[in-house]
Amino acid sequence: MKIFMDTANVDEIKEFADQGIVYGVTTNPTLIARSGRTQAEVIPEICKLIPGPVSAEVISTDCQGMVKEAKKLAKIADNVVVKIPCITEGLKAVKILHEKGIHTNVTLVFSLGQALLAARAGATYVSPFIGRLDDIGEDGVQLVADMVKVFRLYDLPTQIIAASIRSVDHVNKVMLTGADIATIPTKVLRELIHHDLTDKGLAKFLEDYRNSKK
Ligand code: E4P
């Protein structure tokens, strides 16, 4: 499973860029607003820091508007992926963009049916939102597991990005489903490295080294 960062904060991306663990980045209008900057400012900077796929979302809700925005976004850098909402007009836009060779990430996916439609329309990536499904009492991880099964069964090339991740437990669980990618918020990514036994073990090793005959 590849790791993406789910943030539009350039400083946070810089913190991880040289660790070699982050393959791509996803943003959305909420994350852009939270960064205090504009999409036009942050996307070029992120694309320079991270050579893998960087998702930037359209705000149009009609096919023509989405395609127009997508063409503009795709010109920013070779690694831009255009995020398109999973609505009828969105799937029409995905088909057109697929034919033009522009990569897409179909977002706001909450069901197996939506995932299949996005894949059949030609989406490069599809993003099931697991945390938001958990919020309404459904099982987000189970949706990802079902999608992995269906995409393999029918040999669909669309890659699955497990999104709306809220915890280390979510990351561990989607890893076991065989999802291609998890897009992880910075806070959760920082927590992934930590284990109490690692800290205690290292402290003991260093103490024993200091106390040993050198
Ligand atoms: C990623 O592509 C999504 O925009 C993001 O994971 C949404 O997460 P949220 O449900 O925490 O807003």
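Order of appearance sets the numbers: ligands from 1, and atoms from 1 within every ligand. We use all heavy atoms of the structure for the numbers below, so side chains are in, but hydrogens, waters and symmetry mates are not.
T107 places no side-chain N or O within donor-acceptor distance of the main-chain N or O of I84, the cut-off being under 3.5 Å.
At the top of the distance list for atom 11 (O) of ligand 1, counting protein heavy atoms only, stands R166 NE, 3.6 Å. Atom 12 (O) of ligand 1 has R132 NH2, 2.8 Å as its closest protein atom, hydrogens excluded (heavy atom only). Here the protein heavy atom with the shortest distance to atom 3 (C) of ligand 1 is F129 CZ, 3.4 Å. Protein heavy atom closest to atom 5 (C) of ligand 1, with residue, atom name and distance, is D6 OD2, 3.0 Å. In this structure, the protein non-hydrogen atom closest to atom 4 (O) of ligand 1 is N28 ND2, 2.6 Å.
At least one N/O-N/O distance between K83 and ligand 1 falls below 3.5 Å. Backbone and side-chain nitrogen or oxygen atoms of T27 are examined, and none is located within less than 3.5 angstrom of a nitrogen or oxygen of ligand 1. The shortest N/O to N/O separation between S164 and ligand 1 falls below 3.5 Å.
Taking the side chain as every heavy atom from C-beta outward, V58 and P85 approach each other to under 4.5 Å.
If you take NE2 on H195 and CG on L202, they are separated by 14.5 Å, rounding to the nearest 0.5 Å. Between the CZ atom in F129 and the OG1 atom in T183 there is a gap of 9.5 Å [rounded to 0.5 Å]. Separation of atoms OG1 (T7) and CG (L189) is listed at 10.5 Å; rounding is to 0.5 Å. Expressed to the nearest 0.5 Å, how far CE of M5 lies from CD1 of I21 amounts to 8.0 Å.
For the 3.5 Å distance criterion, the side chains of T26 and D6 qualify, holding a donor opposite an acceptor.
In this structure, T107 does not count as a contact residue of ligand 1, since none of its heavy atoms falls inside 4.0 Å of the ligand. The shell of residues lying under 4.0 angstrom from ligand 1, judged by heavy atoms, excludes E57.
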